[in-house]
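Worksheet: the structure to be examined is printed underneath.
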Amino acid sequence: MLKIERQKYILEKIDKEQKVLTLDLALLLNTSEDTIRRDLNELHAKKKLNKVYGGAVLITDAPVDVFDIVITSEEQKIKIVSKALSLLHDGQVIIMSGGSTNLVFARLIPAELKATIYTYSLRIAMQLSQHPNIDLIFIGGKMQKNAMVTIGMDVIQVLSRLKADICFIGACSVNLELGLTEVDYEVTLVKKAMIGASKQVVSMFSSNKLDTKMPHVVCDLNHLSTIVTELDPEDYRLSEYKKTGINIL
């Protein structure tokens, strides 16, 4: 296959799936991983995609104001997080990861809820700062500017000392064999610490992330208490996940 054909295929695949993996592309296109890496580097230089460790992700346009956040598929995410509101109770200690689904969740937390929420997402912290009854603790550290979350040992050390009732964790990809996987290694480490600090672990994500994978494993499925999608819990796409014993909303 010619380079122009490979790159056209790569761009079409990433436009459809939002992400691609170097190894998968090499197998699909019957070529070497080095060849795919060169293609990804070239497309990254042309600003056609974002090259990341192990593959590439779709470029999304950043809003002009970092707090004026464009949320894609917002109606779907509202449907997802509305199910999870029933898991909130007064007096809880809660940890929230970053991500647009969790941001929508933060917006919909009832005004009367009295709880303590820790987050390392600046956007979610800004949203929760407007809540009248939430004790908000923002976990500081090195800022990952594209996602507006803090990462590194400072964050991990704070999380390691917490004893939270529940955490709400975003999912980049979900897979029966690998569990939750993530594209960014440093975010993976923070999410691992977040899970280790929590009695219950809830992951909210859209169904297009089911049966996908990224390079870095966050946790096995047996570490999750509940998963929440926009699907009916009886949907066939969730049947194998239900067999693992996870609560599905």
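Values reported hereafter were calculated over all heavy atoms of this structure, with side chains retained and with hydrogens, waters and symmetry mates removed.
Side-chain atoms of Leu103 and Gln127, non-hydrogen and from C-beta on, do get closer than 4.5 Å to each other. By the 4.5 Å heavy-atom criterion applied to side chains, Asp211 and Asn175 are not counted as neighbours. Contact annotation: the side chain of Leu221 approaches that of Leu224 to within less than 4.5 Å [non-hydrogen atoms, C-beta and beyond]. Counting heavy atoms from C-beta outward, Met148 and Ser121 have side chains that stay 4.5 Å or more apart. Within the 4.5 Å cutoff, side-chain heavy atoms of Lys19 are placed close to those of Ser173. Two residues are said to be in side-chain contact when any heavy atoms from C-beta on lie closer than 4.5 Å; Ser82 and Leu108 meet this criterion. Between Leu231 and Leu210 the shortest side-chain heavy-atom distance falls below 4.5 Å. Leu25 is listed as a side-chain neighbour of Ile10, based on a closest heavy-atom distance under 4.5 Å.
Taken from CD1 in Ile4 to CG in Asp39, the straight-line distance is 11.5 Å, to the nearest 0.5 Å. Here the CG-CD1 distance, from Leu23 to Ile36, works out to 10.0 Å after rounding to the nearest 0.5 Å. Between atom NZ of residue Lys209 and atom CD1 of residue Ile227 there is a gap of 13.0 Å, rounded to the nearest 0.5 Å. Of the inter-residue distances, the one linking Met214 atom CE with Thr188 atom OG1 reads 10.5 Å to the nearest 0.5 angstrom. Going from atom CD of Gln18 over to atom SG of Cys172 covers 10.0 Å, rounded to the nearest 0.5 Å. We find the CG-CD distance between Leu29 and Glu5 to be 10.0 Å, quoted to the nearest 0.5 Å.
Side-chain N or O atoms of Asn41 include one that pairs as donor or acceptor with a backbone N or O of Arg37 at under 3.5 Å. Side-chain atoms of Lys242 never come within 3.5 Å of backbone atoms of Ile248 as a donor-acceptor pair (strictly under, hydrogens ignored). Put simply, the side chain of Thr35 never gets that close to the backbone of Thr31: no donor and acceptor are under 3.5 Å apart. Thr244 contributes no side-chain N or O that, together with a main-chain N or O of Glu240, makes up a donor-acceptor pair within less than 3.5 Å. No donor-acceptor pair closer than 3.5 Å links the side chain of Gln157 to the backbone N or O of Asp154. Between the side chain of Lys142 and the main chain of Met153, no donor-acceptor pair closer than 3.5 Å is present. The backbone N or O of His223 sits nowhere less than 3.5 Å from a side-chain atom of Asp220 that would complete a donor-acceptor pair.
Side-chain heavy atoms closer than 4.5 Å link hydrophobic residues (I, L, V, M, F, W, Y) into clusters, and following such links, even through other members, never connects Leu178 to Val52. Hydrophobic clustering keeps Leu238 apart from Ile80 (ILVMFWY residues linked when any side-chain heavy atoms are closer than 4.5 Å, directly or through intermediates). Taken together through direct or relayed side-chain contacts under 4.5 Å among Ile, Leu, Val, Met, Phe, Trp and Tyr, Ile246 and Met194 form part of one hydrophobic cluster. Following chains of ILVMFWY side-chain contacts shorter than 4.5 Å, one cannot reach Ile195 starting from Ile166, and the two form parts of different hydrophobic clusters. A single hydrophobic cluster is seen to contain both Val149 and Tyr118, as judged by linkage of ILVMFWY side chains at heavy-atom distances under 4.5 Å, directly or through other members.
Just one residue in the list Leu58, Leu43, Val57 forms a side-chain contact (heavy atoms from CB on, under 4.5 Å) with Leu49, and that residue is Leu43.
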- Item | Check against side-chain contact (heavy atoms from CB on, under 4.5 Å), Ile151 and Val187 | CA-CA 6 Å; Ile151 54 175; Val187 171; 4.2 Å; yes
- Pair Thr22-Leu40, side-chain contact (heavy atoms from CB on, under 4.5 Å): steps then yes or no: CA-CA 8 Å; Thr22 304; Leu40 295 180; 3.7 Å; yes
- Glu12 and Lys16: CA distance, side-chain angles, deciding distance, salt bridge (Lys or Arg N to Asp or Glu O under 4.0 Å) verdict: CA-CA 6 Å; Glu12 288 174 350; Lys16 180 181 178 181; over 6 Å; no
- Between Arg38 and Glu42, is a salt bridge (Lys or Arg N to Asp or Glu O under 4.0 Å) present by the stated rule, with each step listed? CA-CA 6 Å; Arg38 286 193 292 271; Glu42 186 173 322; over 6 Å; no
- Where do Lys79 and Gln76 land on the side-chain contact (heavy atoms from CB on, under 4.5 Å) test, with the steps shown first? CA-CA 5 Å; Lys79 183 176 181 179; Gln76 181 189 66; 5.6 Å; no
- Taking it one step at a time, do Lys77 and Ser100 satisfy side-chain contact (heavy atoms from CB on, under 4.5 Å)? CA-CA 8 Å; Lys77 289 170 183 174; Ser100 57; 2.6 Å; yes
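The heavy-atom pair separating Val183 from Pro215 by the smallest distance is CA-CD, 4.2 Å.
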Name the atoms and distances for all side-chain donor-acceptor pairs under 3.5 Å in residues 200-208, with sequence neighbours left out.
residue	atom	partner	partner atom	Å
Ser203	OG	Ile169	O	3.2
Ser206	OG	Asn208	OD1	2.6
Ser207	OG	Glu230	OE2	2.5

For a quick test of your reading: what N or O donor-acceptor pairs under 3.5 Å do the side chains of residues 85-97 make, sequence neighbours left out?
residue	atom	partner	partner atom	Å
Ser86	OG	Lys83	O	3.1
Asp90	OD1	Lys114	N	2.9
Gln92	OE1	His89	N	2.8
Gln92	NE2	Leu87	O	3.1
Ser97	OG	Asn102	ND2	3.2
Ser97	OG	Gly170	N	2.8

Show the atom names and distances, to 0.1 Å, of all donor-acceptor pairs under 3.5 Å that link a side chain in residues 128-141 to residues at least two apart or in another chain.
residue	atom	partner	partner atom	Å
Ser129	OG	Met126	O	2.6
His131	ND1	Asn133	N	3.1
His131	ND1	Ile134	N	3.4
His131	NE2	Pro110	O	2.7
Asn133	ND2	Ala111	O	2.8

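The local environment of NZ in Lys51 is crowded, with over 12 non-hydrogen atoms from other residues, nucleotides or ligands closer than 6.0 Å. Atom CD of Glu177 sits in a sparse spot, with 12 or fewer heavy atoms from other residues, nucleotides or ligands closer than 6.0 Å.
For the ring-ring contact (aromatic ring centres under 6.0 Å, His included) test, no residue two or more places apart in sequence or in another chain qualifies with Tyr120. Residues forming a salt bridge (Lys or Arg N to Asp or Glu O under 4.0 Å) with Asp232 (at least two apart in sequence, or on another chain): none. Checked against ring-ring contact (aromatic ring centres under 6.0 Å, His included), Tyr185 has the following partners two or more places apart in sequence or in another chain: His216.
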